[in-house]
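Only one structure is covered here, and it is reproduced in the block below.
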Amino acid sequence: MGSDTTATATSSNALQSISYKRGSLQLLDQRKLPLETVYLDINTATDGWFAIRDMVVRGAPAIAIAAALSLAVEAFKSEAFQGSPTDAASYLVEKLEYLVSSRPTAVNLSDAATKLKEVVLKASSSFSEAKDVFQAYIEAAEAMLEDDVASNKAIGSYGASSIQSQLKDVQKLSILTHCNTGSLATAGYGTALGVIRALHEQGNLEHAYCTETRPFNQGSRLTAFELVHEKIPATLIADSAAAALMKAGRVHGVIVGADRVAANGDTANKIGTYSLALCAKHHNIPFYVAAPLTSIDLSLSSGDDIVIEERSPKELLNSRGGLGEQVAASGILVWNPAFDVTPADLIAGIITEKGVITKAGKESFDIKGFVQTAASI
C-alpha cells in the first residue's frame, strides 16, 4: 500500500467522516452537524480516544477505523522511538488496549484491536528493527479502512436483494431506520443506511423514514443530513411516532445497525431499537439488522452478556444531547443507557457483507455456522 493512502467516499457526492492520508488524520466533528462542517486534527491515540468518547466520531465501524488510524498517525511519527521490535509491539498493544476503553459496547473496536495486536506481535518476531513493526501496524490499519468501504457496499447489495425478495408483492419499498448508520457511521456508504442507499440507486425505494434518535439526536442531525445531501426521499419522525407510522401502513420494513451481535442473534444497538422491533413485530413488519461480521461476538451466548454503556445525565438534562441549555428540572435523577438489546426472535435477518443470516425456517439463527462458512470462502 502506498504512502498516499486516503479515505475516500463511495462517490464524489458522498459525505466523508474520516479523512486520512498516511501521517495525517482528520475526523468530521459530528457534534456540530448539520449546522457546521468542522474537521478536527487527530495526531495521537489520546486524541483518538477523546474523539471517540466525546462522540466527535460515532458508529461502531467508524469508531474502530478512527481508533486504528489515530494510532497509525502516532506510529508514523515515531522516528524518535528508542527500543527493540518487542518494545515497539508492547507500546502499540498498550495503546490499543487504551483505545478500546473509550467505548466498550461496540465490538468492532475490540475486534479491530485484537487483529492489530496479532499483526504487531507477529511483526515483532519477524523484524529486527522497531520501525518495521510500526510500518506493519500502519499498513494493517490502512487495510481495515479500505475493507470497511467494500464490506459496506456488499451489505447494501445483499440487504436490498433480501428485503425485496421477502416483500416481493411491493413494487417500491418504504423503509424506517434508527440512529445513524450511513457514511458518517462508517468509513463510507453505510450499513443499514447503505441498504436504503442501494434500494434508492436501484429505483426500488419509495421513501425512507428516520427517527430523531434521542437523546443525542443522531437521526435528526446526521441521518436526515445524509438523506437530504444525497437527495433520497425521506421524512424525519419523532421516536414516539414510529408505532403510529407503522399502524398507518406507511412502512414496509425496518432496518437498523448494530454495535454488538451475540452468538444467538440478540443485538445491541442504539437505545430505542428494541421498542421499534416490538412495534414492527406487532404490525407484522420485517425487522432487519445490518452489520459487518466484525459486529458479531461469538464469545457471548446471548444479549444478557453484553455490557451496556451508560452515558452522562447531561444528555437528557440539557438540550442538543447535553450540549445546550438545561431543559429538565434540577434534582431529577436520570437513567441514560446508550444502547438496548433486541432479542433474536424479533429479528427477521442479519445482513452482513457475506450474505444475510436467516433462520431458514427454524426458530433460531445459526450464526456460528454462518461465520464459519463465510470464513472458509
Side-chain angles (χ1 to χ4, degrees), residues 6-19 26-39 57-59 61-62 148-164 167 170-213 216-239 241-242 245-246 248-257 270 276 285 288 290 351 353:
T6 304
T8 56
T10 54
S11 73
S12 60
N13 191 45
L15 295 166
Q16 192 174 342
S17 63
I18 299 172
S19 178
Q26 291 184 314
L27 298 178
L28 178 62
D29 189 344
Q30 298 185 31
R31 300 169 301 180
K32 297 185 181 297
L33 291 174
L35 302 180
E36 296 180 73
T37 302
V38 177
Y39 282 86
V57 61
R58 23 70 49 212
D148 187 66
V149 176
S151 70
N152 288 340
K153 288 184 177 180
I155 287 170
S157 178
Y158 280 121
S161 297
S162 180
I163 196 164
Q164 286 179 91
L167 298 169
V170 183
Q171 187 173 5
K172 284 195 170 187
L173 301 172
S174 290
I175 304 296
L176 172 65
T177 192
H178 186 56
C179 198
N180 175 254
T181 58
S183 297
L184 297 174
T186 64
Y189 204 77
T191 54
L193 199 55
V195 177
I196 291 174
R197 180 179 280 112
L199 287 168
H200 176 65
E201 290 170 351
Q202 297 167 8
N204 296 317
L205 180 73
E206 179 70 28
H207 207 80
Y209 293 94
C210 60
T211 61
E212 57 182 346
T213 319
F216 211 67
N217 301 314
Q218 292 98 324
S220 57
R221 290 189 303 105
L222 306 178
T223 299
F225 183 60
E226 289 200 50
L227 291 167
V228 170
H229 181 84
E230 303 213 13
K231 297 180 173 57
I232 295 174
T235 297
L236 173 69
I237 67 167
D239 291 355
L245 189 74
M246 293 181 195
R250 296 171 66 177
V251 176
H252 299 115
V254 180
I255 309 176
V256 301
K270 185 55 55 187
L276 287 179
I285 295 170
Y288 284 89
I351 306 162
E353 72 273 28

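On a predicted model such as this, the values are computed, not experimentally measured, just so you know.
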Review point. What pairs of residues pass the salt bridge (charged side-chain N to carboxylate O under 4.0 Å, His left out) test when at least one of them lies in residues 177-192, not counting sequence neighbours?
Key: none
Review point. Hey, are the side chains of V38 and L28 touching, using non-hydrogen atoms and a 4.5 Å cut-off?
Key: no
Exercise for review: Using the side-chain contact (heavy atoms from CB on, under 4.5 Å) rule, take V254 and M246 through it: C-alpha gap first, then chi angles, then the decisive distance, then the call.
Suggested key: CA-CA 10 Å; V254 180; M246 293 181 195; 3.9 Å; yes
Please list, one pair per line, the donor and acceptor atoms closer than 3.5 Å that link side chains of residues 171-178 to other protein atoms, with sequence neighbours excluded.
unit_1: T177; atom_1: OG1; unit_2: I255; atom_2: O; d: 2.8
unit_1: H178; atom_1: ND1; unit_2: T211; atom_2: OG1; d: 2.6
unit_1: H178; atom_1: NE2; unit_2: I271; atom_2: O; d: 2.9

Review point. Can you check whether T223 reaches T213 side chain to side chain, under 4.5 Å on heavy atoms?
Key: no
Check your understanding: Under a 4.5 Å cut-off applied to non-hydrogen side-chain atoms, are H229 and S183 in contact?
Key -> no
Review point. Considering residues at least two apart in sequence or located in another chain, which fulfil the side chain to side chain contact (heavy atoms under 4.5 Å, CB included) criterion with S161?
Key: none
Exercise for review: Please round to the nearest 0.5 Å and tell me the distance separating atom CD1 of I196 and atom CD of E226.
Suggested key: 10.5 Å
Review point. What heavy-atom pair brings A185 and P61 nearest, and what distance separates the two atoms?
Key: O-CD, 3.6 Å
Practice item. For the residue pair Q16 and Y39, establish whether any side-chain heavy-atom pair is separated by less than 4.5 Å. Key: yes
Point to revise | With Q218 via side-chain hydrogen bond (donor to acceptor under 3.5 Å, both in side chains) - residues at least two apart | key: none
Check your understanding: Does R221 make a cation-pi contact with F216 (under 6.0 Å, within 45 degrees of the axis)?
Key -> yes
Practice item. Measure the NZ-CG distance between K270 and N180 for me, rounded to the nearest 0.5 Å. Key: 10.5 Å
Practice item. Could you pull out all residues at least two apart from E353 that satisfy side chain to side chain contact (heavy atoms under 4.5 Å, CB included)? Key: S151, A154, I155, P292, L293
Practice item. List for me each residue that meets side chain to side chain contact (heavy atoms under 4.5 Å, CB included) alongside L236, sequence neighbours excluded, and say none if there are none. Key: C210, E212, S220
Review point. Taking everything shown except R250 itself, do over 12 heavy atoms lie less than 6.0 Å from its CZ?
Key: no
Practice item. Indicate yes or no: at least one non-hydrogen side-chain atom of Q164 is less than 4.5 angstrom from one of Q202. Key: yes
**Study point:** Distance, nearest 0.5 Å, that separates CG of L227 from NE2 of H200
**Key:** 9.5 Å
Practice item. Spell out, as yes or no, whether a donor-acceptor pair under 3.5 Å connects the side chain of R197 to the backbone of I232. Key: no
Exercise for review: For S17 and T186, indicate whether the former's side chain and the latter's backbone hold a donor-acceptor pair under 3.5 Å.
Suggested key: yes
Review point. Can you name the closest pair of heavy atoms from V195 and A290 and give their distance?
Key: CG2-CB, 4.4 Å
Review point. Does the side chain of R58 come within less than 4.5 Å of L184's, by heavy atoms?
Key: yes
Exercise for review: Kindly say whether Y189 contributes a backbone atom to a donor-acceptor pair with the side chain of N152 at under 3.5 angstrom?
Suggested key: no
Review point. Are I351 and T191 side-chain neighbours, meaning at least one heavy-atom pair lies under 4.5 Å?
Key: no
Exercise for review: Please name the pair of heavy atoms, one in T181 and one in A192, separated by the smallest distance, quoted to 0.1 Å.
Suggested key: OG1-CB, 3.2 Å
